[in-house]
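What you see below is based on every heavy atom in this structure, not just the backbone, and it leaves out hydrogens, waters and symmetry mates. So you know, we letter chains A, B, ... as the sequences are listed, proteins then strands, and number each from 1.
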Amino acid sequence: MQGLIERAKELLADGTVAQVLGWRKGDMGYDPEPAYFKSEEELKDFVYDAFCGANLSKYMIEAAKLEGKTLVFLKPCDTYSFNQLIKEHRVDRDKTYIIGVGCQGTLKPEKIREAGIKGIETVTIDGDTLKFDTIYGAKEMPFADALLERCKVCKGKKHMVYDELIGAAEDEEAGPVGNRFEEVEKLEAMSPEERFAFWQEQLSKCIRCNACRNVCPACSCRKCVFDSNQYDTSQKANAATFEEQMFHIIRAFHVAGRCTDCGECSRVCPQGIPLHLLNRKFIKDIDSFYGEYQAGADTDSRGPLTNFTFEDVEPSIVQTRGGGH
Amino acid sequence: MQKVDMAKADRLREMSGVNTRKCMKCGKCSASCPAYEEMDIRPHQFVSYVESGDIEPLLESKSIWKCLSCFACVERCPRDVKPAKLIEAVRQMVVRQRGGNYLSPNEVPELLNEELPQQLLASAFRKYSK
Amino acid sequence: MQVENTEFRPKIVAFCCNWCSYAGADLAGSSRLAYPADVKIIRVPCSCRVNPMFILRAFQRGADGVILCGCHPGDCHYTTGNYYARRRMTLLFSMLDYLGVENGRTRVEWVSAAEGVKFSTTMNEFVAKIHELGENVRLEDLRCKG
Amino acid sequence: MQRIGVFVCHCGTNIAATVDVKRVVEAAAKEPGVVHAEDYQYMCSEAGQLKIREAIEQKHLTGIVVCSCSPRMHENTFRQAAKRAGINPYMVEIANIREHCSWIHKDIEEATEKAVILARAAIAKVMLNAPLTPGTSQVVKRALVIGGGIAGIQTALDIADAGYEVDIVEKTPSIGGRMSQLDKTFPTLDCSACILTPKMVEAAAHEKITIYTYSEVEKVSGFVGDFHVDIRKKARSVDMSKCTGCGVCQEKCPSRKTPNEFNRGLNTRSAIYTPFAQAIPNVPVIDREHCTKFKTGKCGVCAKVCQAGAIDYDQQDEIITVDYGAIVVATGFDTIKLDKYDEYAYNQSPDVITSLELERIMNAAGPTKGHLERMSDHKPPKSMVFIQCVGSRCADKRGKSYCSKICCMYTAKHAMLIRDKYPDVDVTVFYIDVRTPGKNFDEFYRRAVEEYGVHYIKGQVGKVAPQGDKLLVQAADLLDNKQIRMETDMVVLATAIEPNPDVRKIATMLTASIDTNNFLTESHAKLRPVESPTAGIFLSGVCQGPKDIPETVAQAGAAAVKVVGLLAKDHLVTNPCTAKADPIFCNGCSTCEKVCPYGAISYEDQLVNDHGIRETRRVAVVNSALCQGCGACTVACPSGAMDLQGFSNRQILAEVDAICR
Amino acid sequence: MYQIAKNKLNDLYQAISEKEDLFLPVSKGGQTNYGLWTNEAVADIDTLKTVKSGKDCFFPQSEVLYKSRHENGKISIDPTELQNKPFVVFGMRACDVRAVKVLDNVFLTDPVDSYYAARREHGTIVSLACHEPEETCFCKNFDVDAAEPGADVETWMVGESLYWKALTEKGESLTALVKEALADSFAEAGAEGEKKVEKEQAAVRGIIEKLPLSHLDLSRFKPENTMELFDSPAWEDMYKPCLACGTCTFVCPTCQCYDIRDFDGGKAGIRHYRCWDSCMYSDFTMMAHGNMRTSQLQRFRQRFMHKLVYYPANNDGMYSCVGCGRCVSKCPSSLNIVKVIKKLGGEGNE
C-alpha cells in the first residue's frame, strides 16, 4: 500500500495527474470509501486492502469532466468495466492514468457480522485470517469465509488496461478460479416452479433503492429509462412484485452483452439479493448461443446484442433445449 | 339412381387419412397400377367414388381384393392423395362388416416361401385378416 | 384446429412486422383462414422494433401470451432487423424461463407475406398452447387485475 | 388535448356481416378523447371521405381513427382525406377490423368484441400521435436491370427510350436469356431468334443503355431514389475493346469437352466460347474452370491465334459501384431438376428429354442442326410421347405446387411442328388438363389435334421404362377407362419451371420479399403487380410468376413505366416515421449506430439543456433522409433515448395497454 | 412486569395474531425485515437490526391513497379506507421507537396526515431492548437509551426469558389480551425479574459507553450555524463517493419524504399512490421547470442538513437521526452520517 501512496505522490508532484482516485480509510477498519486525493497531505488517509471492494471505473465518467488527468487505481476485474466504458465513449482514456493494483480477493463486511462478530474496533488481515479487536473481546475468522461471492469465482487477475502495474499477480497465478456458472446451473436444474419460488423470494425483498443500478458500471446512463416518465413504470415504489421483476429483468437485459460480471450489484444490495445471477445467466446464454464473449476484454469488438450471424439459434431453443429448463 | 352415403364416405376418409378433395383427376395412380387390368373400379375412380359418396359399388368391387398394396400410386401421386390407403380402408370396411377372418397369424409361417416378397405376405395378411 | 370454447379467454398480443407478418395476417384474413379472436395484432415496422419492455408490459397488463412475428431471416425489409430481434428474443425468453415463467407463453415465428396459412396455423397452435398453460399468474401485476 | 373522431366502415357486408358496427361506434364514443364516432357503408368512397372531412371541420378533430380494412389497403387514402380536411396526415390510425377480424371470425359477439378492442388500441395510439412532416430525398436518374433476358431487355429499352440511363447486368457471357434458346414461338410459330435478335442489337446500340455481361450484382445499399450497387465484372480473360469476334480462338481451342450450357448439355463446347452465334457482345469468355491454360499453365493456343491480341489471361474480376434511382429484377427462370422423378427415366435414357432440350434439337443452330433425332442413336424417331405437368401442380416436395403456365402451349407447338415437318412420326400427348387461355391459344391447340393429328390422351403417365432401344410408356386413358402400355422412341417431358435459384440471394440484397416458391412477391396481387413491396424495386418477367413471352414483354413495359414514373421525379418524399434521439437521455454510447443498417446515425457534440443543467456532450443524431424507420436502434439504446416517430414507445405501450385492458 | 420463556414466544405471537395483526422481524431470503406474523413466517428477534426499520408499519413504502376509474365517459373515485383495526408491532428497538416520534412530529402536526394518524392510533408498539449493540450503533449521541426502549410495552430478553412491561393504556390492554390467552406461561415476573432486567440494563449501558461511535460532538449542529455549515467546503469532498442511490434513505427509520404518483392499471383503474422518495435521487422534487437541486452535492448536503440542522431547528432541538447505524452498515460507498458529523463537527470529536 505504501508503494501505491509513494507512486501517487510522485505522479501528483511531477504534474502527470491532477488528482488521485482511490480509497480513504474509514472508522471501523472495514469501511473505506472511494475518494479523491489532491495532495501529499491528503494521501495519508489513503488505504488499499481487501475491504476496498468498490469498483472505481464508474467514477471515471465524472472524473473525465475534471481539470487534468486523474490517476485511478483499478483492480483486475475493474479494468474490464473501464474498457467497456471506453467502448461506449463514457470515459476519457486520455485523461486517465491507470495503475493496475493486485488483488487477493475482496471482502464483505456483512459476512463478518453473519459470523457473529460485532462491536468491532479494529480489523487486521493476517495472512489467511481476519483478526478483530471488539468490545466483546478478540475474535478471528478465516479470510476466505468473508470473501465476496464474486471473488470465489474470480475471472482472473490480469489487468485488461493500465498504464502501470503495482503488486499485480504473476502470470501463473492470474488465471480464473472456480466455475462462475455453477450457481446459474443449479438454478437451471430446478423445476420452473422452484425457480419461480426462488426468484419470488429474492426479488420481493427489493426496496428499489437503485443501489444496484447506480453502482453498476454498465448502467452508466445519464438518465435511466426507469427515471423517465415515458413508460409509466413506478420507479420508486416496491408496490408489487411485478415492478421489481420488471425492473430487474429490464436492467439485466439492458446490460446484457455489456456486463463484465464485476459483481458490484450483489455487493451493494442492502437486501442481499443475488442479482449477479441474472447477469450471469445472460453471460452464460451468450457464451453458449453465440460463442464465448467477455465484455470489457477489449474496446472495439461488437457486443453480442449488436451483432448476429445468419445461423443464430432460434428463440424456440428455449423450449427445445430440454434438461431442467 | 345412385345411393349417396356420406357417413360411410367420411368414415373411409377418416380411416385412410385421405383427403379426396386434393385429387386433381390426373389418373397417374391408374397409370401406375400393376393390377389395373383386373380391377373393375380403377384406383382413380376410388377417389372420385368416395368423394361423391357412392360407396356401395366400392364395397362390392373386386378391385379391393386385387390391389397389391404396392403403393406405386401413393408414391407417384402428384397431389399426395394416397389411393391405395383408400382402397385399404374400403377393404377394412368390408372385412369388418363381414366380421370374419380369412387368415390367422398362425397360418402365416406355413405360407412362407423364399421366393415370396415379404411385402406381399404382409399385405396379404392385412388384406385377409381384418 | 379449433380451440374449444371454455371459460378461460386468453389475452394474446401478437406483434407483427409491417412488411411480412402483418401482410401475412392480412392474407390469412382475405383467405378467410380462421384463428381465435383472442389474438390481437399490433403493427410494428419491423420485428427489431419490439422492445422486451413491450412484452413484459403486456404480461403485466394481463396478457396470457405474447407472440412476435417477423420476416424470415434473410428476408427482412430492413435487411438485418430480424437477426437482432432473434438474438434479443432468444435471450429474453431464456431469462423468463430462468425466472420460472412458463416458456410456452412467448414465441417468435417467421411469417412471410405469402404465408397466410402459416399465420393462421401458428395462431391456432399458440392459442391452444396458452389454453394448455392457463392464465398467466407468474408475471401478473395485481394492480392491473379486476 | 386531442379531439378524436372514429369512423367505422361497414365495407358493404364484408365487415358489417360479422361485426356489429353500431356497437363499435357506441363503444368508441365512450373512450376518453373521442368526441365523434360514426359508421358508414364504404368509408373509402368519395362520400365516406366527405363524412370524415365534415367531421374534422365541424368538430375540430385533431386526429382520426378509421376502423376498416388493412392499413395496407387504405391508410394512404384516409391520410389524404385528413390532409384535405386540414389536419396532419399522420394523425390518422387504422383499426384493421376486416382482415384481422370480420373475415376470420364467424361469431358476431366475438368479432364485435374484438373490433371494439382493436378500435380502442387505435384510439389509444392516435392520442399519442404527433403531426409529422415528410422530408425529401434526391432521385438518381439511372436505373439498373438485373437480368438480360427478354424481360430485362424490354424493360431497359422502354426506360432508355423515355430518356433515362439504364444498366443491364447479366450473369452469362451474353444477353438474350431463355428466349434465345427457343426455336419457334407460339401461337404464331415465328422464329424466336428472328424477333429477339433485333431487340438485343437495339439494346446494345442504344446510347442510354450500358450492358454488363458476365457480371453479377454483389452488394446493394441505399434506398429508393438512391441505391448504391456494387457490380462484379467477372474476368472474361478477353479484352472487349480489342476482340473482333472473329471466332478463330474458339475453333482452335483444344479443350472441347465442356458440356454446352446453351444447348442444355446435349453437346460440348470449347473452353473459350461465345454461348451462341448471335451473342451480344460477340466477345468470347474463357471458362477458367475448364481451360487447360488455367488448369495446368500449359496451352495458350487462343492467345497465339488471336490476331487482335485480345486474350488476357491476367484479367481480374473488377468491382464497380454505381448509383441508381430504381432497380428492376428480371432474373427469369430455369427448369426444375428431375432427379426425383425416377418414373420418367430421365436419368436412365438419353431419349427422354425435356421440352427445352427439344427446343435445342429442333433449332437449326442446335446440336443436331435442327434434325429431329434420338440422342441415343441419332436415328429419327417414329413415335413420340409428350408428358405434361412434370413437376407442376404437385403437392409433394418433388415438384412445384403451381401450374407452370407455358407447357400446354409449347407442347402443342412442338407436337404441331413435328407433325408438320415429319408427318410419319406418331405424336401422343398425355395431359391432365389442357389450359389455353390467351388470344388464339385454344385455336392453336385445336389445330394441333384437328389439322395435325396429334393424339391427346387424358391421363398422366405412370411410368416410362427403357426396353431395348424403345421406351415403354404406361398410362391410363381416363376417358376410355383403360390402361395403355405403348412403345415409343422418344419421350418429351414438359418440365416445371422455377425462378432462377440466384434470385434468393438477390432478393436478400434488395430486401425484396420472396414467396415459398422463390417467386418475388408483388406489392399487390391485382393493383400493383410489377412493384415489389420494397420501394424502388420493380419486377419484370418470370421472376414474379410463370408467364409466356407476350405477358413477359407486357410486364417488362409496365415495370419500365413505373421506373420512368419514379425517375421523372426530382425529389421523393421520405417516410417521416424515422428514429429520433432525445439528447437529454442520450449517452452517446454508440450502441445504436452499430445496429443501423443504413448508416443513418452519427454523433456530434451538442449543448444539451436538461431543465437548466447545461452540458456539452456527445449525442446521437439521426439523418432522416437515410433512416428508413426500422426501429432497431430504439431497442438497442439502453437509456431509451432513441424513439421512432409514428411507432413510439409510448404509442406501442398504449396499444398494448388498450388490448390488455 | 411479566415474563415468558423464549421458547414460548411463538405462542405469544399466535395469541396476539388471533386478535390483531402482528408485525415483527421476519426472516426471508436470508434477510430480516418487518413482516406480518403467520404460521409460515420465521420470526427473528435476535437480529439486532432489521434491514428496513419498522417505519413501514406506520408509513409504508408504498400505499394507495385512492383509486379512480374512467368508465363509459364517467369518472369514479374510490378512496382507500383508513386503518380501522388495531395491530401490534413487536420487537422495535429503542432507536426505531424514537424514530416514530420523529415521524410523529412531521405527520401528526398540522396538517395531519390522516393515513399515518390512523395507523398510529390503532397500532400498539412493543419495543425490545438491545442486548449486544454493535459498533455501528451511535444512539447514545441522541439520548436514546437502548436499555429502556419505551413505547406502549417495553421488553427485555434476558437469558431464556422475555420480560414484559406495559407503559401505556394501549400497552395495558395488549397485556391483558396476552394474559388471557396464555395464562400460566405469561406470568408475573416479580422482584427477581425486575432485578434481572436492571442488571441487563446496566450491562447494555456499559457496552454502549464503550462503542466507538458513542461520543460524537454534535455541538456545532445548531440553527445559528446553518449558513456556515451549508457553505462548508467539506461537502465538496464528502459527496463524491455518493452513488445517488436511495439505500440510506430507505433503510433510515426517520426519512419521511414521499412522492405521489398515479399508476394506470387499465381495467383495474388508476391508483393514486404515494411511495417513499429519496432526496438522493436526481428527480427528487422534480417540477415542470426542473429541479431545485441540480447537483449531487446539493442533494447530498440536503439530506444531512435536514437531519442535523433543519429538523432540530423546527422541533425543539430533536435531531432527525436516531443513531440506528443502518446507513453506516448499508451504504454501498461506506459513506454515512457519522462521517459527515465528524467532518463538519470539527476535529476533537470523541
Trainee: For the pair A:N214 (side chain) and E:A244 (backbone), establish whether a donor and an acceptor sit closer than 3.5 Å, ignoring hydrogens and angles.
Mentor: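 Present.
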Trainee: Compare all side-chain heavy atoms of E:L243 with those of A:Y59 and state whether any distance is below 4.5 angstrom.
Mentor: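 A side-chain contact exists here, since the closest heavy-atom pair is under 4.5 Å.
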Trainee: Are any non-hydrogen side-chain atoms of E:M238 and A:E33 less than 4.5 angstrom apart?
Mentor: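 A side-chain contact under 4.5 Å is absent here.
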Trainee: Is there a donor-acceptor pair under 3.5 Å between the side chain of E:Q61 and the backbone N or O of A:I207?
Mentor: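 Yes, E:Q61 side chain to A:I207 backbone: donor-acceptor pair under 3.5 Å.
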Trainee: Keeping the roles fixed (side chain from A:K205, backbone from E:G29), state whether a donor-acceptor pair exists under 3.5 Å.
Mentor: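 Checked: pair present.
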Trainee: Counting only heavy atoms closer than 4.5 Å, note whether A:R213 contacts chain E via side chain, backbone, both or neither.
Mentor: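 Neither; nothing under 4.5 Å.
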Trainee: Looking at E:K342, E:K339, E:K343, which hits salt bridge (charged side-chain N to carboxylate O under 4.0 Å, His left out) with A:D27?
Mentor: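 For A:D27, the salt bridge (charged side-chain N to carboxylate O under 4.0 Å, His left out) check succeeds only for E:K342.
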Trainee: Taking side chain as everything from C-beta outward and backbone as N, CA, C, O, which of these in A:A211 sits under 4.5 Å from a heavy atom of chain E? Side chain, backbone, both or neither.
Mentor: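 Contact with chain E is through both the backbone and side chain of A:A211.
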Trainee: Examine distances only and state if a side-chain atom of E:Y281 and a backbone atom of A:C209 form a donor-acceptor pair shorter than 3.5 Å.
Mentor: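 Yes, because the side chain of E:Y281 sits within donor-acceptor range (under 3.5 Å) of the backbone of A:C209.
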Trainee: Sorted by first residue and then second, give each salt bridge (charged side-chain N to carboxylate O under 4.0 Å, His left out) pair with at least one member in residues 30-48 of chain E; sequence neighbours left out.
Mentor: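 Those involving residues 30-48 of chain E are E:K6-E:D46.
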Trainee: Would you indicate whether the side-chain heavy atoms of E:K330 and A:E110 approach each other to under 4.5 Å?
Mentor: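 A side-chain contact exists here, since the closest heavy-atom pair is under 4.5 Å.
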Trainee: Tell me the residues of residues 130-139 of chain E whose non-hydrogen atoms fall below 4.5 Å from those of chain A, in number order.
Mentor: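 The list, in residue order, reads E:E132, E:P133, E:E134, E:E135, E:T136.
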